[in-house]
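To start, the structure itself, in structure tokens.
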Amino acid sequence: MKKEGCVIHKPVEQQFFEKPVLELARNLIGQLIVHELPTGPVVARIVETEAYHGEQDEAAHSFKNRRTKRTEVMFKEPGSVYTYQMHTHTLMNVVCGPVGTPHAILIRAAEPVEGLEYMREQRGEKLAMKDWTNGPGKLTKALGITMKYYGHHWTKQPLFIAPSEAVGEIEAGPRVGISNAGEAVHYPWRFYEKDNAFVSKFRP
DNA sequence: CTAGGGATCTTT
DNA sequence: AAGATCCCTAGC
């Protein structure tokens with residue numbers, strides 16, 4: 001049996017990221033995000049993602065291949081880290097698609113696995129555990145992820161994705177928070193683990 | 001240079 | 001339902 005603090009996590013292979021964006025968004029569910037800190041590893045299990053389909057997706061930052069300082073990393077190798085600022089929060093993405101094709105996957109929610117004390121400290125003593133990581137902004141704060149990881153790669157320490165076998169039933173639905181995105185609003189490109197308490201709440 | 005707005009979260 | 005409060009982007 002696994003014991004907390006005793007599991008050695010290894011990053012996934014580069015190959016893991018080299019597949020169509022919808023498939024990768026689905027495959028990311030159940031995998032682990034590992035952030036190695038001086039105080040020990042902080043680990044969370046991904047339970048919710050959203051795919052952004054490069055130049056064809058009105059909701060994507062890279063719609064029509066818009067290429068700027070912010071979106072630049074979306075054109076790089078699959079598996080690159082794309083972080084950006086939203087209001088007062090940092091959000092994190094996994095870059096996908098071949099080099100030059102700006103697809104990305106937003107990691108929206110995860111389930112705390114290891115480094116629970118650190119997460120509680122980041123999010124505040126009073127919050128219930130289920131409110132630590134059940135949204136994209138909350139998740140980055142709980143894990144201690146900031147803009148300094150822009151352009152990092154998800155196979156490298158100290159921030160990487162590690163494989164995990166245990167995956168529940170996956171459901172798909174429309175994405176959240178993109179009401180101005182025309183037709184793209186309806187695409188079922190949000191993936192989440194069924195009945196998992198850490199999936200973000202749907203806001204009308 | 002300035003103005004506008006957003007893949008959010010918290011509190012009312 | 002609205003405010004917080006920051007960065008990116010477009011336009012002049």
Side-chain angles (χ1 to χ4, degrees), chain A residues 17 21-22 24-26 28-29 33 44 46-76 78-97 101-112 119-152 154 161 171-193 197-204:
Chain A
F17 299 104
V21 65
L22 293 180
L24 181 57
R26 188 178 278 270
L28 278 169
I29 305 287
I33 303 167
I46 300 171
V47 299
E48 182 179 355
T49 62
E50 277 179 9
Y52 286 84
H53 202 281
E55 78 278 14
Q56 303 169 32
D57 184 354
E58 212 171 328
H61 295 154
S62 53
F63 180 49
K64 289 182 178 167
N65 277 323
R66 189 168 48 164
R67 188 164 189 158
T68 64
K69 195 170 136 198
R70 176 169 68 148
T71 60
E72 182 62 30
V73 74
M74 297 177 79
F75 293 83
K76 299 213 184 297
S80 297
V81 177
Y82 172 35
T83 50
Y84 72 94
Q85 208 75 29
M86 178 47 158
H87 294 252
T88 57
H89 306 278
T90 302
L91 276 63
M92 63 179 168
N93 296 251
V94 179
V95 173
C96 180
T101 308
H103 296 172
I105 295 151
L106 172 67
I107 302 178
R108 286 193 57 87
E111 178 179 345
M119 292 193 224
R120 176 172 27 238
E121 203 172 292
Q122 289 286 297
R123 297 283 298 129
E125 299 288 332
K126 294 177 187 170
L127 278 180
M129 183 167 139
K130 68 173 183 57
D131 291 321
W132 290 357
T133 54
N134 61 341
K138 303 177 192 180
L139 176 61
T140 52
K141 183 156 190 211
L143 295 178
I145 291 165
T146 65
M147 288 300 292
K148 79 177 180 187
Y149 286 109
Y150 182 92
H152 181 74
W154 283 110
I161 291 183
E171 294 197 323
R175 293 173 294 177
V176 177
I178 56 166
S179 51
N180 293 331
E183 281 303 305
V185 166
H186 309 295
Y187 301 165
W189 288 353
R190 169 173 175 252
F191 301 95
Y192 53 95
E193 190 172 64
F198 294 90
V199 172
S200 69
K201 297 173 200 127
F202 181 75
R203 279 188 300 282

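Please read all numbers here as calculations on a predicted model, not as lab measurements. Each chain gets a letter, A, B and so on, in the order the sequences are listed, and its residues count up from 1.
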Atom [atom1] of [X] to atom [atom2] of [N]: distance rounded to whole Å?
X: K138(A); N: dT10(B); atom1: NZ; atom2: C1'; result: 9 Å
X: R66(A); N: dA7(B); atom1: CZ; atom2: P; result: 9 Å
X: M92(A); N: dT8(B); atom1: CE; atom2: P; result: 14 Å
X: W132(A); N: dT8(B); atom1: CH2; atom2: C1'; result: 21 Å
X: H53(A); N: dA7(B); atom1: NE2; atom2: P; result: 18 Å
X: Y82(A); N: dG6(B); atom1: OH; atom2: P; result: 15 Å

Do any N or O atoms from the side chain of [X] and from the backbone of [Y] form a donor-acceptor pair under 3.5 angstrom?
X: T83(A); Y: T90(A); value: no
X: Y192(A); Y: F198(A); value: no
X: R66(A); Y: T71(A); value: no

Considering all heavy atoms of both residues, which atom of [X] and which atom of [Y] are nearest to each other, and what is their separation?
X: S62(A); Y: P102(A); result: OG-O, 2.9 Å
X: W132(A); Y: R120(A); result: CZ2-CB, 3.5 Å
X: Y52(A); Y: D57(A); result: CA-OD2, 3.5 Å
X: P188(A); Y: A172(A); result: O-CB, 3.9 Å
X: T133(A); Y: A110(A); result: OG1-O, 2.5 Å

Check your understanding: Counting only side-chain N and O atoms of R175(A), is one of them less than 4.0 Å from OP1 or OP2 of dT8(B)?
Key ->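 Checking R175(A) against dT8(B): no side-chain N or O falls below 4.0 Å of OP1 or OP2.
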Check your understanding: Taking only side-chain nitrogens and oxygens of K201(A), does any of them come within less than 4.0 Å of OP1 or OP2 of dC9(B)?
Key ->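 Negative; the distance criterion is not met.
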Exercise for review: Name the closest nucleotide to the L127(A) side chain, picking from dC9(B), dT10(B), dA7(B).
Suggested key: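 Comparing dC9(B), dT10(B), dA7(B) against the side chain of L127(A), the answer is dT10(B).
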Review point. Considering only side-chain heavy atoms of H87(A), which listed nucleotide, dA7(B), dT10(B), dG6(B), is closest?
Key: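 Per side-chain heavy atoms of H87(A), the pick is dG6(B).
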Exercise for review: Could you tell me whether L91(A) contacts a base, only the sugar-phosphate backbone, or nothing, with contacts defined as non-hydrogen atoms closer than 4.0 Å?
Suggested key: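 It contacts sugar-phosphate atoms only.
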Review point. Under 4.5 Å between any side-chain heavy atoms of T140(A) and H89(A), yes or no?
Key: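 Counting from C-beta outward, T140(A) and H89(A) never come under 4.5 Å.
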Review point. Within a strict 4.5 Å, meaning less than it, do heavy atoms of the Y84(A) and N93(A) side chains meet?
Key: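 Touching, per the 4.5 Å side-chain cut-off.
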Taking N or O atoms only and anything under 3.5 Å, show me the protein contacts with nucleotides 1-5 of chain B, one pair per line.
none

**Study point:** Pairing residues for E72(A) by the side-chain hydrogen bond (donor to acceptor under 3.5 Å, both in side chains) criterion, not counting sequence neighbours
**Key:**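 R67(A).
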Exercise for review: Could I get the full list of side-chain hydrogen bond (donor to acceptor under 3.5 Å, both in side chains) partners for R190(A), not counting sequence neighbours?
Suggested key: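 Listed in chain order: E48(A).
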**Study point:** Pair N134(A)-K130(A), side-chain donor/acceptor within less than 3.5 Å
**Key:**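 No - no donor-acceptor pair under 3.5 Å links their side chains.
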Review point. Do H53(A) and Y187(A) get their side chains close enough for a donor-acceptor pair, meaning under 3.5 Å?
Key: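 Side chains of H53(A) and Y187(A): no pair found under 3.5 Å.
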Point to revise | Ring-base stacking, Y84(A) with dA7(B) (5.5 Å, 30° cut-offs) | key: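 Not stacked: fails the 5.5 Å / 30° test.
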Practice item. Verify the stacking flag for H89(A) against dT8(B): centroid separation must be under 5.5 angstrom and the ring planes must differ by under 30 degrees. Key: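 Stacking is absent between dT8(B) and H89(A), given that the ring centres and planes do not meet under 5.5 Å and under 30°.
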Point to revise | Toward the 5' end of DNA chain C, by each residue's nearest nucleotide, M147(A) or T88(A) | key: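 Comparing both residues, the 5'-ward one is T88(A).
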Review point. Between which nucleotides of DNA chain C, 5' to 3', does chain A make heavy-atom contacts below 4.0 Å?
Key: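 It runs dA4(C) to dA10(C).
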Exercise for review: Pull out every residue in residues 182-193 of chain A that has a heavy atom closer than 4.0 Å to any atom of DNA chain B, ordered by number, or say none.
Suggested key: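 Residues of residues 182-193 of chain A that come under 4.0 Å of DNA chain B do not exist, since none gets that close.
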Check your understanding: Name the stems with DNA chain C in them: runs of three or more consecutive Watson-Crick or G-U pairs, distances under 3.5 Å?
Key ->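 DNA chain C forms these stems: B:1-6 with C:6-11, B:8-11 with C:1-4.
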